[in-house]
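Below is one structure, written out as structure tokens; comments come after it.
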Amino acid sequence: DYRLYWTINEETEMVEIGLQVNTTGWVGFGVSNDGTMAGADIIIGWIDTNQDAYLQRRHSISLNDRYPRFDEDISDTLLDSFQE
């Protein structure tokens, strides 16, 4: 299962995005203008063996990029996480 939900806060001009994923290890989520990896904004998250959660914001330059590049502009905040 992979569930995506969101809330738009018009006052703060922020979008809160939630993912509910049936997996262990890590999860990735990306958006782009045309549905491809080229130019995509990507969020990667994972929970380690100590149950500590991590988020990284990345971006892809082209379809030939093997690994999305780390984005220094961290305008995302992890609100909650858990792994069963």
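Since the model is a prediction, treat every value here as computed from it, not as a measurement.
Annotation: E13, atom CD; neighbour count of heavy atoms from other residues, nucleotides and ligands within 6.0 Å does not exceed 12. Applying the 6.0 Å contact sphere to CG of N33 captures no more than 12 heavy atoms from other residues, nucleotides or ligands.
Of all heavy-atom pairs spanning M37 and P68, the tightest one is CE-CG, 4.3 Å. Pairing each heavy atom of F70 with each of Q56, the nearest pair is CE1-CG, 4.1 Å. Smallest separation of non-hydrogen atoms from S32 and A38: CB-O, 4.2 Å.
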Pair F29, I42 - check side chain to side chain contact (heavy atoms under 4.5 Å, CB included), show working.
CA-CA 6 Å; F29 174 77; I42 301 163; over 6 Å; no
Going through the distances and angles, do L55 and I44 end up as a side chain to side chain contact (heavy atoms under 4.5 Å, CB included)?
CA-CA 6 Å; L55 267 186; I44 299 172; over 6 Å; no
How far apart are the C-alpha atoms of W26 and I47, what are their side-chain angles, what is the distance that settles it, and do they pass the side chain to side chain contact (heavy atoms under 4.5 Å, CB included) test?
CA-CA 7 Å; W26 63 273; I47 299 175; over 6 Å; no
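Partners of V21 by side chain to side chain contact (heavy atoms under 4.5 Å, CB included), not counting sequence neighbours, listed by chain and number: Y2, L19, T23, V27. Not counting sequence neighbours, the partners of S62 by the side chain to side chain contact (heavy atoms under 4.5 Å, CB included) test are N64, D65.
Residues Y5 and I8 do not share a hydrophobic cluster, defined by chaining ILVMFWY side chains whose heavy atoms lie under 4.5 Å apart.
No side-chain heavy atom of N9 sits less than 4.5 Å from a side-chain heavy atom of E16.
No donor-acceptor distance shorter than 3.5 angstrom exists from the side chain of N50 to the backbone of D52, with no hydrogens or angles considered. Between the side chain of R57 and the backbone N or O of D71 there is no donor-acceptor pair closer than 3.5 Å.
Taken from CD1 in I43 to CZ in R58, the straight-line distance is 10.5 Å, to the nearest 0.5 Å.
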